[in-house]
Amino acid sequence: NNLINNSNSMSSSRYSLRKRQPNSVLKDDYKDVDLDKLLEEHERSGEESRAQRVAKKQKTQREEEEKELKQIFSGYDIPLDTLPALCIERIYNMLDSPQDLYNLAFTSKFLMSLVTPEVVIRSAVFNNLGKREAKYRKIIGSINQYLANRSIHIPSPHRLLRLLVAKSCERGDSCWGKNLATGVPASIDPASSTRPFGLAICEKCVKFGSTNVNYSHFSRFQHGVAFYQWNRIMGPITDAVKGEVHGPLIPAIQLMQIEGSYRTTAERKAALEEHLSRAHTDCGDVCKNCYESKAAAYVEIFQSAEDEADEFIKLANEKKLQIGRQRREERLRKKRERIQGIYEYLEELLEDCPYKDVALACEWRENDQDCLKFKCSFVQCAMCHIIGAPATAPDRAISDAATQIRNAFKLLSDKQFFTFTFLSESEQKMFRQGMYKYCTNESSILKIMTSNYADDAFFVQVRNNQPKNALIRALHMIKGALPRCFALAVVDPVSNSNGVEIRVDDFRRLAEVVWKKRAGTPSWTLASIENNYIRCNEEFQIMKRNAIDYLNDPVTVDYLRLDVRGNRIAGQFHRRDALNEVFNPSTRDSFFMTLHERCIPYNLLRNRQFTTLRAVHDAYYRRPEMYGLRAPPRAD
């Protein structure tokens with residue numbers, strides 16, 4: 001009884017574990033469901049399932065029809081050579097392999113009689129179309145070059161097919177590479193994509209059976225002369241079975257005799273034309289026009305096949321590109337939808353985050369794999385692995401990243417970092433005053449957080465109560481931030497008796513140049529930065545005094561008076577604009593036409609070489625575009 005009771009209890013417990021639990025859905029959960037989006041997904045899934053059902057039904061119907069046709073025509077075979085000639089020609093046109101065409105055509109005399117030059121040429125051109133391995137197309141192209149030059153005997157369709165599929169040298173017993181033990185001529189390199197002189201011959205026959213001529217030989221580039229590798233000529237060969245002549249029209253011996261018999265080029269060309277006419281008659285043609293028409297027909301067939309093949313490849317590539325673009329656009333669309341959902345979820349998680357606008361500031365990019373980029377580098381670093389693979393990003397990873405971002409900005413808020421009170425309290429430090437002016441007047445929270453060095457180390461320094469060093473770290477990667485802080489620190493607005501500020505912007509430009517020139521290696525602590533400030537401030541005071549003395553120099557004033565005020569045209573570079581470059585002296589070693597030598601304008605101002613500096617400014621005035629200068633905007 002105890003065993004029975006235990007078994008019953010175990011079975012009931014197992015049943016209860018296997019029992020499917022009902023879905024408990026609260027009414028409040030429906031408020032968070034986007035019904036429109038849910039309906040669109042349902043319609044999309046329904047369309048896909050219906051399309052799959054229709055495709056499966058059509059496939060079943062095709063299989064049943066094919067099965068019925070096989071049953072109807074089972075045991076009913078038609079010999080290929082009993083088909084009408086038009087049907088066989090249509091079958092030939094469908095073959096894109098010269099080897100398959102050769103195997104089929106040479107099975108009977110009837111099938112051989114239906115082989116035409118167009119069938120052979122098109123099968124060679126369209127073989128492996130659009131792929132790297134296009135040996136037959138290259139072979140037929142090399143034969144076509146000889147036919148276009150009218151330099152070889154016109155091959156018959158059967159011979160043209162044999163040239164394409166040849167595997168051994170056709171010279172037979174005369175082959176230079178014949179194996180005497182087996183009596184087999186040398187094989188042709190399978191990778192070879194040429195037929196020298198329109199012949200299927202091996203490399204040894206090309207090397208020892210042809211004649212090398214000088215590059216000054218008269219027959220080179222002549223119409224009707226077959227050359228191989230620009231300096232080899234060869235004579236024709238005769239088929240021992242049929243007695244047909246193949247290969248070059250003019251034998252090599254005749255070309256050498258013409259070269260030695262005549263002295264002028266005109267006489268040699270006339271002799272060559274006579275031998276060509278005789279060769280046309282000897283090869284069975286009544287006249288040259290017959291040979292010309294046949295050769296032109298071969299060339300035209302090849303050219304039309306080439307154009308058709310190129311057009312087919314072009315359309316196929318365009319179709320592939322279009323399919324690739326569509327797939328890429330679809331992939332980007334799906335990725336963008338997922339990233340938009342992640343961004344909305346992140347926005348909900350950061351609802352109570354300080355500086356939320358800074359944390360969520362981003363840039364949406366069209367037609368880019370990285371369609372979302374946060375402007376804050378710390379946020380971008382925290383979200384990059386999620387944005388890179390949004391399809392596999394779990395909600396937990398997003399919530400963890402949101403927690404990390406919230407804690408970081410909460411730290412900045414608790415420390416009151418962006419009030420910059422740690423800079424305003426130190427009034428005796430001039431550089432800190434410049435940093436305070438820059439951060440409060442000319443920068444923003446977002447601009448500081450976009451720095452690549454506003455990273456984990458930045459927040460560690462803030463957490464360790466080192467806000468000055470943290471700010472220095474962030475400003476290092478903002479272009480022109482530290483030079484601007486120096487300029488704001490050393491140049492205060494000064495007014496004349498009329499209350500007009502005197503060249504504040506110009507002197508600040510000069511201060512930025514001095515900092516870039518003399519600051520040295522980057523410094524990561526405020527103490528080292530302030531040491532650089534002392535050294536650069538001394539340099540700036542010298543440069544400022546020299547600039548004032550230079551502009552007040554009588555020679556400079558006389559040079560400036562050459563600019564007639566009434567003749568100044570808006571958009572033109574004047575002498576005043578050239579002299580104002582004293583506040584932005586170049587630190588590069590450049591060549592100046594007016595001096596006929598190289599110099600550095602910064603050093604000229606530093607050493608008070610005013611005469612040379614005026615020559616530099618005169619060069620600026622005469623050719624401003626050469627030095628990358630243009631007239632500043634002026635008020636009307």
Side-chain angles (χ1 to χ4, degrees), residues 85 88-89 92-102 104-106 111-129 134-166 170 192-201 221-228 234 236-239 242 244-250 273 275-312:
I88 296 175
E89 290 178 359
Y92 281 169
N93 290 327
M94 293 180 182
L95 297 176
D96 62 348
S97 174
Q99 187 65 54
D100 295 343
L101 181 60
Y102 178 85
L104 177 62
F106 284 85
L111 295 178
M112 287 177 62
S113 63
L114 298 178
V115 178
T116 60
E118 183 177 5
V119 171
V120 178
I121 293 174
R122 289 179 65 85
S123 68
V125 172
F126 284 90
N127 180 251
N128 285 337
L129 194 62
K135 182 180 75 171
Y136 293 122
R137 185 173 182 178
K138 294 178 182 178
I139 292 175
I140 199 66
S142 66
I143 297 173
N144 179 74
Q145 289 181 356
Y146 289 114
L147 290 173
N149 194 35
R150 312 294 194 264
S151 59
I152 62 172
H153 292 81
I154 299 177
S156 64
H158 298 158
R159 172 166 175 76
L160 198 60
L161 190 55
R162 291 191 186 97
L163 288 174
L164 290 172
V165 300
E170 68 173 325
S192 176
S193 58
T194 59
R195 292 294 180 259
F197 312 106
L199 301 172
I201 55 179
F221 306 109
Q222 291 296 325
H223 185 76
V225 180
F227 266 84
Y228 179 67
M234 187 177 180
I237 63 175
T238 304
D239 190 349
K242 296 183 178 180
E244 297 178 352
V245 182
H246 306 304
L249 282 175
I250 306 298
E273 288 291 333
H275 283 77
L276 285 173
S277 300
R278 191 180 303 118
H280 294 154
T281 305
D282 294 342
C283 66
D285 297 326
V286 178
C287 60
K288 182 179 179 181
N289 294 332
C290 299
Y291 175 89
E292 182 71 24
S293 61
K294 289 183 179 180
Y298 273 65
V299 174
E300 184 179 358
I301 293 171
F302 174 79
Q303 192 60 43
S304 62
E306 283 271 294
D307 296 340
E308 186 177 349
D310 292 340
E311 184 66 22
F312 180 83

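The structure presented is a predicted model; accordingly, all values stated were derived computationally and were not measured.
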Are any non-hydrogen side-chain atoms of [X] and [Y] less than 4.5 angstrom apart?
X    : Y    : result
Q222 : F227 : no
L147 : F302 : no
S97  : N127 : yes
V115 : Y92  : yes

Gap separating the [atom1] atom of [X] from the [atom2] atom of [Y], nearest 0.5 angstrom:
X    : Y    : atom1 : atom2 : value
L276 : H223 : CG    : NE2   : 7.5 Å
T194 : K135 : OG1   : NZ    : 11.0 Å
S142 : K138 : OG    : NZ    : 11.0 Å
L101 : R122 : CG    : CZ    : 12.5 Å
S156 : R162 : OG    : CZ    : 6.5 Å
L199 : Y146 : CG    : OH    : 8.5 Å

Could you tell me whether F312 atom CZ has more than 12 heavy atoms of other residues or ligands within 6.0 Å of it?
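Atom CZ in F312 is not crowded, with 12 or fewer foreign heavy atoms closer than 6.0 Å.
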So for atom CD, which belongs to Q99, do other residues, nucleotides or ligands contribute more than 12 heavy atoms lying within a distance under 6.0 Å?
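More than 12 within 6.0 Å, yes.
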Side chains of N93 and E89 only: does a donor on one sit below 3.5 Å from an acceptor on the other?
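Side-chain D/A pair, N93 to E89: absent.
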Sidechain-backbone polar pair: H246 side chain, D239 backbone, donor-acceptor under 3.5 Å
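Answer holds: no.
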N144 and side chain to side chain contact (heavy atoms under 4.5 Å, CB included): which single residue from V299, N149, I301 fits?
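Testing each of V299, N149, I301 against N144, the sole residue satisfying side chain to side chain contact (heavy atoms under 4.5 Å, CB included) is V299.
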Mind listing the closest non-hydrogen atom pair of [X] and [Y] along with its distance?
X    : Y    : answer
P155 : L160 : CG-CD1, 3.9 Å
V245 : P236 : CG1-CB, 3.7 Å
V125 : A309 : CG1-CB, 3.8 Å
I152 : A226 : CG2-CB, 4.2 Å
Y291 : S151 : OH-N, 3.9 Å

L249/H153 under side-chain contact (heavy atoms from CB on, under 4.5 Å): CA gap, chis, key distance, verdict
CA-CA 6 Å; L249 282 175; H153 292 81; 3.7 Å; yes
Using the test side-chain hydrogen bond (donor to acceptor under 3.5 Å, both in side chains), find all partners of D310 that sit at least two apart in sequence or belong to another chain.
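Listed in chain order: R137.
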L104 and L95: side-chain contact (heavy atoms from CB on, under 4.5 Å), yes or no, with the steps?
CA-CA 10 Å; L104 177 62; L95 297 176; 3.8 Å; yes
Just to verify, what does A200 make a side-chain contact (heavy atoms from CB on, under 4.5 Å) with, not counting sequence neighbours?
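Counting only residues at least two positions away or on another chain, A200 forms a side-chain contact (heavy atoms from CB on, under 4.5 Å) with L163, A166, E170, I188, R195.
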